[in-house]
Amino acid sequence: QVQLVESGGGLVQAGGSLRLSCAASGRTFSRNLMGWFRQAPGKEREFVAAMDWSRTITYYADSVKGRFTISRDNAKNTVYLQMDSLKPEDTAVYYCAADSRLHYLNIYYRQSEYDYWGQGTQVTVSS
């Protein structure tokens, strides 16, 4: 059974930092696109960041560019999201996701491209 388990969420003041982790089990994702999405209260889930399997191509939503950094350790089957200079509008449940297709990199920002999802971790940024 494939599982993605996020951790690292919590409450932080504006301007602070958090590092989210997403550990995968049940299969390896070393040749797969992985990404992060978030859903704020009353809003639709939105794309945050994605990284290809070679760790050379990254994508970010404009709202987090320059503040968030995605990375991954294929040996640990884990993807990370370093979040710096956090703002109250970053408050959301953060989800990691993985595409089941090997070496496939297309519409990275579309939720339907991803087959596996974690349960989410809450990030709350106070002003």
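Here the structure is a predicted model, which is why all the values come from computation and not from measurement.
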Exercise for the section: Work out which heavy atom in Ala14 is nearest to a heavy atom in Ser127; give both atom names and the distance. Expected result: CB-CA, 4.4 Å
Exercise for the section: May I ask you to test the Gln111-Tyr95 pair for a side-chain heavy-atom distance under 4.5 Å? Expected result: no
Exercise for the section: Please name the pair of heavy atoms, one in Ser112 and one in Arg110, separated by the smallest distance, quoted to 0.1 Å. Expected result: OG-CD, 2.9 Å
Exercise for the section: Output all residues satisfying ring-ring contact (aromatic ring centres under 6.0 Å, His included) with Tyr94, sequence neighbours left out; order by chain, then residue number. Expected result: none
Practice task
Please list all pairs passing the salt bridge (charged side-chain N to carboxylate O under 4.0 Å, His left out) test where one or both residues lie in residues 47-66, with sequence neighbours left out.
Solution key: Asp62-Lys65
Practice task
Could you state whether Val12 and Tyr80 fall into the same hydrophobic cluster, counting links through intermediate Ile, Leu, Val, Met, Phe, Trp or Tyr residues with side-chain heavy atoms under 4.5 angstrom apart?
Solution key: no
Handout entry: Side chain proximity check, Phe29 to Tyr116, heavy atoms < 4.5 angstrom
Key = yes
Exercise for the section: Taking the side chain as every heavy atom from C-beta outward, state whether Thr69 and Tyr60 have any pair of such atoms under 4.5 Å apart. Expected result: yes
Handout entry: Contact list for residues 28-63, test disulfide (SG to SG under 2.5 Å), sequence neighbours left out
Key = none
Exercise for the section: State plainly whether one hydrophobic cluster holds both Phe68 and Met51, where clusters connect Ile, Leu, Val, Met, Phe, Trp and Tyr through side-chain heavy atoms under 4.5 angstrom apart. Expected result: yes
Practice task
Please list, chain by chain and in numerical order, all residues satisfying side chain to side chain donor-acceptor pair (under 3.5 Å) with Thr124, sequence neighbours excluded.
Solution key: Gln122
Practice task
Find out if a path of hydrophobic residues (ILVMFWY) with successive side-chain heavy-atom gaps under 4.5 Å connects Tyr114 to Tyr109.
Solution key: yes
Handout entry: side chain to side chain contact (heavy atoms under 4.5 Å, CB included) partners of Ala23, counting only residues at least two apart
Key = Thr78
Problem - Contact list for residues 52-127, test disulfide (SG to SG under 2.5 Å), sequence neighbours left out - result: Cys22-Cys96
Completion exercise
Heavy-atom nearest pair, Met34 first then Val79, reads CE-CG1, 3.9 Å
Handout entry: Nearest atoms (heavy-atom pairs only) where Ser126 meets Leu11
Key = CB-CD1, 4.3 Å
Problem - Summary of side-chain hydrogen bond (donor to acceptor under 3.5 Å, both in side chains) pairs that have at least one residue in residues 12-24, sequence neighbours excluded - result: Ser17-Asp84
Problem - Summary of disulfide (SG to SG under 2.5 Å) pairs that have at least one residue in residues 44-90, sequence neighbours excluded - result: none
Practice task
Working to the nearest 0.5 Å, report the span between CG of Leu81 and OG1 of Thr121.
Solution key: 11.0 Å
Exercise for the section: Would you please indicate if the ring centroids of Phe47 and Tyr59 are separated by under 6.0 Å? Expected result: no
Practice task
Could you state whether Ile70 and Val64 fall into the same hydrophobic cluster, counting links through intermediate Ile, Leu, Val, Met, Phe, Trp or Tyr residues with side-chain heavy atoms under 4.5 angstrom apart?
Solution key: yes
Handout entry: Expected output: side-chain Thr91 to main-chain Val125 donor-acceptor under 3.5 Å
Key = yes
Exercise for the section: Would you check if Trp53 and Asp99 make a side-chain contact, meaning some heavy-atom pair closer than 4.5 Å? Expected result: no
Exercise for the section: Applying side chain to side chain contact (heavy atoms under 4.5 Å, CB included), name anything that partners Arg31, two or more places apart in sequence or on another chain. Expected result: Leu102, His103
Handout entry: Check: Glu6 side chain, Gln119 main-chain N or O, donor-acceptor pair, under 3.5 Å
Key = yes
Exercise for the section: Would you check if Ile57 and Tyr108 make a side-chain contact, meaning some heavy-atom pair closer than 4.5 Å? Expected result: no
Practice task
Go through the structure and list residues passing salt bridge (Lys or Arg N to Asp or Glu O under 4.0 Å) with Glu113, not counting sequence neighbours.
Solution key: Arg101
Handout entry: Residues in side chain to side chain donor-acceptor pair (under 3.5 Å) contact with Ser100, at least two apart in sequence or another chain
Key = Asp115
Practice task
Using side chain to side chain contact (heavy atoms under 4.5 Å, CB included) as the criterion, list what pairs up with Glu46, not counting sequence neighbours.
Solution key: Arg38
Exercise for the section: Indicate the atoms forming the closest heavy-atom contact of Ala50 with Leu33, along with that distance. Expected result: CB-CD1, 4.0 Å
Practice task
Taking the side chain as every heavy atom from C-beta outward, state whether Val48 and Met83 have any atom pair closer than 4.5 Å.
Solution key: no
